[in-house]
2 protein chains.
Amino acid sequence: MTQPKNRREQIYEVAGALFSERGYHATSMRDLASQLGMQGGSLYAHISGKEELLVELVNQAAQQFDASLLPLRAADLTPEEKLREAMRRHIEVVAGNLESATVFFHEWKHLSPEAYGKVTAWRDTIDALYRDLIREGIDKGVFKADLDIKMTAYLLLSAVNWTYTWYRPGGPLNAAQIADQFAVMLLEGLRR
Amino acid sequence: MTQPKNRREQIYEVAGALFSERGYHATSMRDLASQLGMQGGSLYAHISGKEELLVELVNQAAQQFDASLLPLRAADLTPEEKLREAMRRHIEVVAGNLESATVFFHEWKHLSPEAYGKVTAWRDTIDALYRDLIREGIDKGVFKADLDIKMTAYLLLSAVNWTYTWYRPGGPLNAAQIADQFAVMLLEGLRR
DNA sequence: CCTACCGATCGGTAGG
DNA sequence: CCTACCGATCGGTAGG
């Protein structure tokens, strides 16, 4: 027995699959409709337009990231634990929402100016979270004092964001295990 | 005096700018033509079609990566030097070909099956290069023996590939400096 | 949710 | 390289 799900959510779901696989502009409303077993024009009984789908998918992903990552600011953890936990949650959001996360990272440039601005603001917030986390570690004497905070944040964000390009469910490691491995390598280094 | 450049190269150049900024499907042949001061149909006196532009840009980028990275296999360097050198060259290709590199990473899924296959083969080659480099470092006792080679390669590739999303010319660090910082952090770790 | 349709725009071609 | 055009397809709407 599948959960009763309204048509609107089904549309978002299929849109996520198609946008993430083919891209926003390469997916037509008729492609979308046919996968839902309806005619192109019928979609507009449920949604206002194509852009709404993109906005919704991007917002979905952004909210997942926010809900998972932002509470970390107040968490009572050592800098190392906090770094590992941020990477865990970050990769878990990507892995658990692979389609909307892919749309988020890949298609956000096609948003209208308003929604586009919200995404850049989101990115700044997450950047700041990672930078603060690094700064805190330096201040507490746990991380190296000579780290370039901006570059260190880019390095961490590279690792967690890039996962959307290669992570696939069913692989040997789950999201938390991937994050833990990355965190160990980043904290301890590759050198023997 | 600008270099005499044939029209074909000019078209590729403008296509790189537009495809990297707006995306392949969101760029029309008329957009492209108007930026070159010509009519849409006139493009076809120089090129065979839109797909040719994408293929050419992607191949351009792939060849730059190959020419720069593949010779490293035979280089007589310590594992640490080789890792740093690979990251340097990798990021230098991205930074020095930002538009075609962006098209390469972002639009390759829209290639026809044949060109698509070549890109996945390329990716496997570069994956193998990084994995061999890591394996060599482990075998020589320079890198930690318990590294997960696949995950380590993903981590390195994340760092160098993700640069296309944030690197912009004129920033405080050039490509080699970015690579050096990344290499130091990755080799030594963030921990004090 | 369907049928039937709208104007706009797409990639590409013919003929010059 | 232009003018003029092709068929196809696009996102979206009207009326039921």
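A note on names: the letters A, B, ... follow the listed sequences, proteins ahead of strands, and every chain is numbered from 1.
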> From the list C/dC1, D/dC1, D/dT3, which nucleotide is the closest neighbour of the side chain of B/Gln39?
Replying inline: D/dT3

> So B/His25 and B/His110, would you call those rings parallel, tilted or perpendicular, with 30° and 60° as cut-offs?
Replying inline: perpendicular

> Base, backbone or nothing for each nucleotide of nucleotides 5-11 of chain C, written B, S, -, heavy atoms under 4.0 angstrom, 5' to 3'?
Replying inline: -----SB

> Would the B/Phe182 and B/Trp162 ring centres measure less than 6.0 Å apart?
Replying inline: no

>> Using a 3.5 Å limit for the pairing distances, which stems of at least 3 consecutive Watson-Crick or G-U wobble pairs does DNA chain C take part in?
In response: C:1-16 with D:1-16

>> If the test is side chain to side chain contact (heavy atoms under 4.5 Å, CB included), which one of B/Leu18, B/Leu54, B/Leu53 qualifies with B/Val103?
In response: B/Leu54

> Is B/Val184 linked to B/Leu147 within one hydrophobic cluster, defined over Ile, Leu, Val, Met, Phe, Trp and Tyr using a side-chain heavy-atom separation of less than 4.5 Å?
Replying inline: no

>> For A/Tyr130 and A/His90, I'd like to know if the aromatic rings sit close, meaning centre-to-centre distance below 6.0 Å.
In response: yes

> Below 4.0 angstrom, N of the basic side chain to O of the carboxylate: do A/Glu92 and A/Arg88 qualify?
Replying inline: no

>> Rounding to an integer number of Å, can you tell me how far A/Glu52 CD sits from D/dG12 C1'?
In response: 14 Å

>> Going by side-chain hydrogen bond (donor to acceptor under 3.5 Å, both in side chains), A/Ser48 matches just one of A/Glu51, A/His46, A/Glu52, A/Lys50. Which one?
In response: A/Glu52

> Tell me: CG of B/Leu43 to C1' of D/dT3, nearest whole Å?
Replying inline: 15 Å

> With under 30° as parallel and over 60° as perpendicular, where do the rings of B/Tyr154 and A/Trp166 fit, or are they tilted in between?
Replying inline: parallel

